[in-house]
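Contents: one structure, followed by commentary.
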Amino acid sequence: MPALSDLIEAGRRPVEHHAPWQRAAVAPKAWNLAVEQLAAGRWSLLGLWGEPDRVHMALLDEARHVGIISLDCRGGRYPSVGQYHPPALRPERAAADLFGLVPQGLPDTRRWLDHGQWGVSHPLAARPGEPAAAPSYRFLAAEGESLHQIAVGPVHAGIIEPGHFRFTASGETVVRLEERLGYVHKGIEGLMAGAPIDRAAKLAGRTSGDSTVAYSLAFARAVEAALGVTPPPRAIWLRALMAELERLANHLGDIGAICNDAAFALMHAHCGVLRERVLRAADAAFGHRLMRDRIVPGGVAGDLNEAGASAIRSLVAEIRQRFPHLVELYDNTASLQDRTVATGRLKVELARQYAAGGYVGRASGRDFDARRDLAYAPYDELAFDVPVLQEGDVNARVWIRVREVEQSLSLVEQILGRLPAGSLRADIALADGPGEGMALVEGFRGDILAWLRIGEGGTIERCHLRDPSWFQWPLLEAAIEGNIVADFPICNKSFNCSYSGHDL
């Protein structure tokens, strides 16, 4: 069985970079070998993205080694990964939209991010006897007696972002769900091309608003890897403190929102209060409720004073006092358990195949957390557990969040107790020349990937950001199958995939 390092060492043209991860441009034979390992379930796909003349894959092998391989696409064509490994289908369709790359053998040639409004001929649209212009979007057909379709979205009755859900149902039972996303495509990666590093850092932090800390951290670490820069220790620990506060706020909000979709508004209210407490503490400590633009390449933009540290300590004490009672309330409310237990079950095999991150993967047996398994600082010096369950239902996804709240409280206390003194930022302007960097960090939804290349002038030549939702949205389609239509909101909320992070 080949290792990822063996494949990369056999690559045609190794790529120079400063980071500990591996990277090489490979020949088609090595590319196909990687696809075989993915199809056999030995490796995991962390990301697939394109440029006008090449395609890249980020991979994770069984030894938890991360590497990137790249393939030159002569004539804009390359062997499809998705025809053998379904998690690659949507990224390949997106790369076709954005760069005109044609994956040979791709089973699904419909547009993904491009909704036919970009005014360009689509490389996957032309079929024998059809014009080059893309046809209107075709949802998959379902055949059988007494089947009907229910269209939901893309505009929803709430403040959530737009996405279209097409249900095929037999009575109240969902036979198939098909998603149509891309409605909030913002062109972030296009805006980054040619941008100065500080401007691109702000764009990265706005990829998905509820994960601004995680995206800013991933981008900053990728820049630092590209330039060979190490931030000061105090900055590294403050970054982790912000990341855990962001995780706390989102998990508390999600637990309440899931219960609200089961008509248990009391939990929603109490969890909403605690989430608000986290946001106020973040504002007191770092000057912004969401801590936006606080993490920058080279370090952090501001320090934590004693008043801010005191606000966070008070927050931790309050959550430790109140949260256990909410957990008990959740666990002892029979009508709530009736809605969450055995609902929206995601099979362990699918979570593994799609390398599902965060609470989606860990609730279905995938034991992966970038903080632990890639051991980036300061988590390599902190003590924490990674909760994993096997049931894969809504209830399991709630309990993973509950346990992660408990772990984040412990991590916050450890960080405050061991926060080193010192400077806040290294000067990236002093770094040598161009470079290429990649980082994988653990956001509240799961692992976020950032890859970039910096040119001679210190500007971003190309940047790719991969949200965990790319591999979670397809699993929601699988999890809802066989459930009733009325349980979709609670299943959807238990996944809480990002529209904005996915659509870029």
Side-chain angles (χ1 to χ4, degrees), residues 47-53 55 73 76-78 80 82 88-103 106-141 149-168 176-195 199-200 202-204 206-209 215 460 462-467 469-474 476-477 492 497-504:
L48 185 152
W49 63 99
E51 295 186 74
D53 56 354
V55 64
C73 299
R77 299 175 182 272
Y78 66 97
S80 170
L89 286 171
R90 291 182 179 181
E92 287 189 326
R93 290 166 64 187
D97 289 350
L98 296 171
F99 299 104
L101 299 177
V102 179
L106 179 68
D108 190 344
T109 59
R110 295 173 295 172
R111 297 176 186 242
W112 187 239
L113 296 178
D114 179 6
H115 285 221
Q117 302 299 313
W118 294 3
V120 295
S121 177
H122 198 267
L124 301 181
R127 299 169 181 268
E130 288 186 0
S136 59
Y137 195 82
R138 302 178 303 276
F139 285 94
L140 300 178
Q149 288 194 339
I150 305 170
V152 178
V155 178
H156 299 282
I159 60 171
I160 65 172
E161 293 175 284
H164 184 96
F165 301 99
R166 183 68 60 93
F167 298 87
T168 301
R176 170 188 286 156
L177 166 64
E178 188 178 354
E179 301 155 353
R180 179 72 170 117
L181 303 175
Y183 293 92
V184 284
H185 175 67
K186 305 170 292 298
I188 280 184
E189 295 184 0
L191 292 170
M192 283 188 174
R199 168 64 177 164
K202 292 181 182 293
L203 289 168
R206 287 152 177 79
T207 306
S208 184
Y215 270 99
I460 302 296
R462 173 83 177 98
C463 177
H464 173 70
L465 303 168
R466 192 271 298 151
D467 194 88
S469 300
W470 273 99
F471 300 126
Q472 293 170 351
W473 276 118
L476 176 61
E477 293 181 341
N492 187 23
C497 300
S498 173
Y499 297 83
S500 184
H502 169 281
D503 291 352
L504 293 170

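Everything numeric in this text was worked out from a predicted model, so none of it was measured.
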field: Pair Leu98-Trp118, side chain to side chain contact (heavy atoms under 4.5 Å, CB included): steps then yes or no
entry: CA-CA 10 Å; Leu98 296 171; Trp118 294 3; 3.9 Å; yes

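Taking the side chain as every heavy atom from C-beta outward, Cys497 and His502 never approach each other to under 4.5 Å. Between Arg466 and Trp49 there is no side-chain heavy-atom pair separated by less than 4.5 Å.
Atom CG of Asp108 is separated from atom CG of Leu140 by 6.5 Å, given to the nearest 0.5 angstrom. Going from atom CG of Leu504 over to atom CH2 of Trp470 covers 6.0 Å, rounded to the nearest 0.5 Å. To the nearest 0.5 Å, atoms CZ (Phe165) and NE2 (His156) are separated by 5.0 Å.
Minimum interatomic distance between Leu101 and Gly50 (heavy atoms only, all atoms of both residues): CD1-CA, 3.8 Å. The shortest heavy-atom contact between Gly163 and Leu181 is CA-CD2, 4.2 Å. Counting all heavy atoms, side chain and backbone alike, Asp97 lies closest to Leu113 at OD2-N, 2.6 Å. Residue Phe471 comes nearest to Pro91 through the heavy atom pair CE2-CG, 4.4 Å, listed as atom of the first residue, atom of the second, then distance. Scanning all heavy atoms of the two residues, the minimum distance from Leu48 to Ala88 falls at CD1-CB, 4.2 Å. Closest approach of Ala204 to Tyr215, counting heavy atoms only: O-CB, 3.2 Å.
With hydrogens and angles ignored, the 3.5 Å screen pairs no side-chain donor or acceptor of Glu92 with any backbone N or O of Ser80. With Arg110 contributing its side chain and Arg138 its backbone, the two residues share a donor-acceptor pair below 3.5 Å. Checking side-chain atoms of Ser500 against main-chain N and O of Thr207 turns up a donor-acceptor pair under 3.5 Å.
Partners of Arg166 according to the side chain to side chain contact (heavy atoms under 4.5 Å, CB included) rule, which considers only residues two or more places apart in sequence or in another chain, are Phe139, Gln149, Ala151, His164. Every residue two or more places apart in sequence or in another chain was checked for a ring pair (Phe, Tyr, Trp, His ring centres under 6.0 Å) with Phe99, and none qualifies. With sequence neighbours excluded, the residues forming a side-chain hydrogen bond (donor to acceptor under 3.5 Å, both in side chains) with Ser469 are Asp467, listed by chain and number. In this structure Tyr78 satisfies the ring pair (Phe, Tyr, Trp, His ring centres under 6.0 Å) test with no other residue, sequence neighbours excluded. Residues passing the side chain to side chain contact (heavy atoms under 4.5 Å, CB included) test with Leu89 are Pro86, Leu106, Pro107, sequence neighbours excluded.
Using a 4.0 Å cut-off between charged nitrogen and carboxylate oxygen, Glu161 and Lys186 do not count as a salt-bridge pair.
Residues Trp112 and His185 place their aromatic rings such that the two centres sit no closer than 6.0 Å. Taking the ring centroids of Tyr183 and His115, they lie under the 6.0 Å cut-off.
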Expected list for residues 188-195: side-chain donor-acceptor pairs under 3.5 angstrom, two or more places apart:
{"from": "Glu189", "atom 1": "OE1", "to": "Arg462", "atom 2": "NH1", "distance (Å)": "3.0"}
{"from": "Glu189", "atom 1": "OE1", "to": "Arg462", "atom 2": "NH2", "distance (Å)": "3.3"}
{"from": "Glu189", "atom 1": "OE2", "to": "His464", "atom 2": "ND1", "distance (Å)": "2.9"}
{"from": "Glu189", "atom 1": "OE2", "to": "Leu465", "atom 2": "N", "distance (Å)": "3.0"}

